[in-house]
Amino acid sequence: MKLDTSGFETSMPVIGFGSNSEMLDGVSSVPSFDLPRTTDFDGFQKKSVEMVKPAKGTTTLAFIFKEGVMVAADSRASMGGYISSQSVKKIIEINPYMLGSMAGGSADCQFWHRNLGIKCRLHELANKRRISVSGASKLLANMLYSYRGMGLSVGTMIAGWDETGPGLYYVDNEGGRLKGDRFSVGSGSPYAYGVLDSGYKFDMSIEEASELARRSIYHATFRDGASGGVASVYHVGPQGWTKLSGDDVGELHYHYYPVAPATAEHVMEEAA
Amino acid sequence: MQIFEYNGSAVVAMVGKNCFAIASDRRLGVQLQTIATDFQRISKIHDHLFIGLSGLATDVQTLYQRLVFRHKLYQLREERDMKPETFASLVSAILYEKRFGPYLCQPVIAGLGDDNKPFICTMDSIGAKELAKDFVVSGTASESLYGACEAMFKPDMEAEELFETISQALLSSVDRDCLSGWGGHVYVVTPNEIKEKILKGRMD
């Protein structure tokens, strides 16, 4: 069974006579993935899907507003109940004007985002102009669709600024691709949606929007066991993305809800 | 997820010089969702005997109620408090009664026995006693707790230092566990007084 690897092939025409162009080595010759040699391929597939199922333990969110796109995420990686890291970068910088958020299997997200970055760069070189957010998300969605059912776990949001203005797409491992202006992905997303939806206005300043994003991530880390660590907030504007803040969620709690000084139980009073 | 990891918990007890400390986390969750951050896992049986229960929260509460009942009966008949070693045997017997449909908890018992000698022990869910001279742990964060206690424990600590040690061990262990944490609850017991403290921890 040969997997459909047309997603790997570039749109660049072959240069020169031979096919051995140094520029294309390592890219067009990206191999198709080896399939495991087992007697029970279906059972093996099922087990590998089960392996990543508990994943998507995270909270990421993104929304479009007047000044661009705000992207935020937590930084916890969990393996079942064990916290394997509190400092994972879940917002991946695809290129200076596009960000991708990571939810699901870290390996899957890191690989496919980097692959998307390569394809975007090749598009720029071939067409002498930047790829649109719509185009980039379509490339990713098509690549993931061809691996549908094989156990990839990717729930990502592609956020960027192109000629048409701010763009935000949600792409997942089922091959789904949705355009929208508010998304949250991961096990903590219901909690983040609650805060995000009630505080959202299109006409927000950058400070208000970043505070809304930070608060939503904080509330999700409080309620969801699989989210925590550091709340990172990025902003994508016409000049590209900038990282606005990375606040430790443990400290944010006491910033939002300071511990009231204890009142004394028995107060000594002057005898009348 | 396993049934012992349904609610999430962390309990630890440590021995000091004529004193002991027992600490737990404060989270009550339903798998990954946090429901409460003030759940009581450690309960007083009498002034020199505490029990901390980890595991399924409903069994924690029910087992605690049964044990308090049995201890009150004992007090009426014997006109004195139970010794920690006796209480541990009682808990073990009650757990083994349900050998084929057990209470899904792991108790940690800590008390001051004769001559104010500190006594700690833990049990599995069917009553296998494990006595220790230094520290005992239980709950979803137990592996991290073993590591932290092993590194931080020193014998014959006074009450103040014991409080610091057990708090640090608890907080650093639950910071590696998705299912426990959200604060800490520590009791340090000496022959003359019981000090109860709430710890400020990471709320994620």
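Order of the sequence lines sets the chain letters (A, B, ...), proteins ahead of strands, with each chain counted from 1.
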Next item on the list: Could you give me the CA-CA distance, side-chain angles and deciding distance for A:K179 and A:Y170, then say whether side-chain contact (heavy atoms from CB on, under 4.5 Å) is met?
Entry: CA-CA 6 Å; A:K179 182 170 157 68; A:Y170 164 75; over 6 Å; no
Note to self: Does anything in residues 155-170 of chain B reach chain A? List residues with heavy atoms under 4.5 Å apart, or say none.
What the structure shows: none
Next item on the list: Can you establish whether the number of heavy atoms outside A:R182 located under 6.0 Å from its atom CZ is more than 12?
Entry: yes
Check: Looking only at side chains, do B:T37 and B:R26 share a donor and an acceptor under 3.5 Å apart?
Finding: no
Item checked: A:Y191/B:Q33 under side-chain hydrogen bond (donor to acceptor under 3.5 Å, both in side chains): CA gap, chis, key distance, verdict -> CA-CA 10 Å; A:Y191 313 110; B:Q33 180 178 55; 3.0 Å; yes
Checklist line | Donor-acceptor pair between B:E143 and A:Y82 side chains, under 3.5 angstrom | finding: no
Next item on the list: Verify side-chain contact (heavy atoms from CB on, under 4.5 Å) between A:N173 and A:D108, making sure each step is shown before the conclusion.
Entry: CA-CA 10 Å; A:N173 54 276; A:D108 289 335; over 6 Å; no
Check: In a check of side chain to side chain donor-acceptor pair (under 3.5 Å) between A:K90 and each of A:T60, A:T156, A:D74, which one passes?
Finding: A:D74
Note to self: Would B:R27 and B:W182 count as a cation-pi pair here, with the cationic atom under 6.0 angstrom from the ring centre and within 45° of the axis?
What the structure shows: yes
Check: Are B:S89 and B:K129 linked by a side-chain donor-acceptor pair shorter than 3.5 Å?
Finding: yes
Next item on the list: Applying side-chain hydrogen bond (donor to acceptor under 3.5 Å, both in side chains), run through B:R80 and B:Y74 and close with a yes or a no.
Entry: CA-CA 8 Å; B:R80 65 181 176 91; B:Y74 184 93; 2.9 Å; yes
Checklist line | Close contacts, residues 244-258 of chain A versus chain B, judged by heavy atoms under 4.5 Å | finding: A:D248, A:V249, A:G250, A:H253, A:Y254
Notebook entry, point to check: Charged N to carboxylate O under 4.0 angstrom, B:E97 versus B:R66?
Noted result: yes
Item checked: Full working for side-chain contact (heavy atoms from CB on, under 4.5 Å) between A:V171 and A:L140 -> CA-CA 8 Å; A:V171 178; A:L140 182 63; 4.1 Å; yes
Next item on the list: Identify the residues of residues 196-204 of chain B whose heavy atoms come closer than 4.5 Å to a heavy atom of chain A, ordered by number, or report 'none'.
Entry: B:K200, B:G201, B:R202, B:M203, B:D204
Next item on the list: For the residue pair B:Q106 and B:D124, confirm or rule out a side-chain donor-acceptor distance under 3.5 Å.
Entry: no
Next item on the list: Check step by step if side-chain hydrogen bond (donor to acceptor under 3.5 Å, both in side chains) holds for B:S173 and B:S144.
Entry: CA-CA 5 Å; B:S173 308; B:S144 306; 5.4 Å; no
Next item on the list: Could you tell me how the ring of A:F63 sits relative to the ring of A:Y200: parallel (under 30°), tilted (30 to 60°) or perpendicular (over 60°)?
Entry: perpendicular
Notebook entry, point to check: How far apart are the C-alpha atoms of B:F50 and B:H48, what are their side-chain angles, what is the distance that settles it, and do they pass the ring-ring contact (aromatic ring centres under 6.0 Å, His included) test?
Noted result: CA-CA 7 Å; B:F50 281 74; B:H48 290 162; 9.3 Å; no
Note to self: If I measure from the heavy atoms of chain A, does B:S180 come under 4.5 Å with its side chain, its backbone, both, or neither?
What the structure shows: neither
Margin query: Quick check: A:F202 with A:F65 (ring centres under 6.0 Å apart)?
Written below: no
Check: For chain B, which residues from residues 220-237 of chain A have at least one heavy atom closer than 4.5 Å to it?
Finding: A:T221, A:F222, A:R223, A:D224, A:G225, A:A226, A:S227, A:G228, A:G229
